[in-house]
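Read through the structure below, which is laid out as structure tokens, and then see the notes.
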2 protein chains.
Amino acid sequence: MSEQAHPGRRSIGARRNPDSADAILDAAEAVLTEAGYSGFSIEAVARRARAGKPTIYRWWPSKAALLLEVYQRGKRVAVPDTGNLEEDLVGFLNNLFRHWRETSSGNVFRSLVAEAQSDETAAVALASYAGGRRSHTGQIIERAKARGEVAAGIDSALVADLVASYAWKHLLTNRLDEDEATIRKAVRYLTQGIAGAR
Amino acid sequence: MSEQAHPGRRSIGARRNPDSADAILDAAEAVLTEAGYSGFSIEAVARRARAGKPTIYRWWPSKAALLLEVYQRGKRVAVPDTGNLEEDLVGFLNNLFRHWRETSSGNVFRSLVAEAQSDETAAVALASYAGGRRSHTGQIIERAKARGEVAAGIDSALVADLVASYAWKHLLTNRLDEDEATIRKAVRYLTQGIAGAR
DNA sequence: GTCGAGAAACGGCCCGTTTCGTTTCGCCGC
DNA sequence: GCGGCGAAACGAAACGGGCCGTTTCTCGAC
């Protein structure tokens, strides 16, 4: 998995030190966890990893690329499949909020979104990632559609976008501790609007 | 000695607080528009406003405070009242997207959200502002509720939060050019889920 | 005289790049 | 297999430049 060509990373004829790369990614995560986004700098990561700045710049063209790889290194959020749309979406949001709360992922993703507001390459990477997630999460809706739980004409990607929007805003405004009842209400408002005839 | 002989353009008259404050806010908006969030610094604003940095720091404790005041100085987005919930929400989102696209407000708000991810005071200010907007936008839903268009038990603030989430994510991922048909679909998914018995 | 203003300079941090000498690794001839 | 060579990655240090937030100074209006 690690010898693939990463966007923005050399892969041809490059001999990178895997230990060094791991140390840098570990350090990046640690710095972000301990000092937050405001304390997250290439210099700080290099110090922490006992690495040289040029080594970091050689493999990651920007802070955004480093952040993105740290985020993607983390575990994936479990996508439930209970046979019921409301339960699937509530479960997914619950898993996502807990994951963001209890690991460094929340802070990493927050930082990535923030970075994307001033760095064009970060914006592109984030848009691409968000697009992928949108179609991925959309499968929850597609499954419900196949069960007849959701009307056939419904735009799954759009529904997934709405769900993700809710998650993003809560992440960005420090409201990841929403209780399940509230999440369920929000999900219900959505699912009832797209219900099928079944 | 000093640069007494500037390209003469302004009387030697002392600029008291209001004039200076306006000049600084104008400069902040201009810098943000021309250089973006990455080029937005207190020094750049001071240069542009021909003001001293201490003057800025005297009135605004942080970049976030300056951003927030610039944003609130802008025109308010018109909140339609057509007597129909779907039209109200579609109109509101259309107005908001256009406002964010066609004025500097979009970039200002983006910057504010980004700033809030690394500056605690910005986060607090933004949370407070978002809360106010939530109840404000919630009035659209409250009016629909009064008309019986929305079920009585519906949480207006939560619906407003969902609507705002959609707007935020589109702002933060550079998708403010969504066409009205898509916006209408999103709104419809929501409004149909909260419809009343009428 | 007082007060708020702008200018300038402060130490400090970080940026992204360059240079340095060293270490590691791939390859090729043996 | 073995050994050596060169390319490439490495850590460290230093570069010019920018911004941070603060301090000091001088000036002009009241």
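These numbers were taken from a predicted model, which means no experiment stands behind them. Numbers restart at 1 for each chain; the letters A, B, ... are given by sequence-line order, proteins then strands.
- Considering only the side chain of Y57(B), dC20(D) comes nearest among dC20(D), dG11(D), dC15(C).
- Going from atom CD1 of I42(A) over to atom P of dC13(C) covers 18 Å, rounded to whole Å.
- The interatomic distance linking D119(A) (CG) with dC15(C) (P) rounds to 13 Å, in whole Å.
- At whole-Å resolution of the value, CZ in R47(A) and P in dA13(D) are 13 Å apart.
- Side-chain contact between I194(B) and L85(B): present, with at least one pair of heavy atoms (C-beta onward) separated by less than 4.5 Å.
- Picking from dG6(C), dA5(C), dC20(D) the nucleotide with the shortest atom distance to the side chain of W59(B) gives dA5(C).
- Closest to the side chain of R58(B), from the set dA7(C), dC15(C), dA5(C), is dA5(C).
- No hydrogens or angles considered: nothing links the side chains of S104(B) and N107(B) as a donor-acceptor pair under 3.5 Å.
- The CD atom of E43(A) sits 6 Å away from the P atom of dC15(C) (whole-angstrom rounding).
- Checked by distance alone, K53(B) brings no side-chain donor or acceptor within 3.5 Å of a matching partner on the base of dG6(C).
- Atom pair K63(B):NZ and dC19(D):C1' shows a separation of 8 Å (rounding to whole Å applied).
- Across F92(A) and A78(A), no two heavy atoms sit closer than the pair CD1-O, 4.1 Å.
- Remark: T55(A) is not in phosphate contact with dA9(D), judged by side-chain N or O atoms under 4.0 Å from OP1 or OP2.
- In this entry the distance linking CH2 of W60(B) with P of dG21(D) reads 15 Å, nearest Å.
- Put simply, R50(A) has no side-chain N or O that comes within less than 4.0 Å of OP1 or OP2 on dC10(D).
- Between E29(B) and R73(B) a salt bridge is recorded (basic side-chain N to carboxylate O distance below 4.0 Å).
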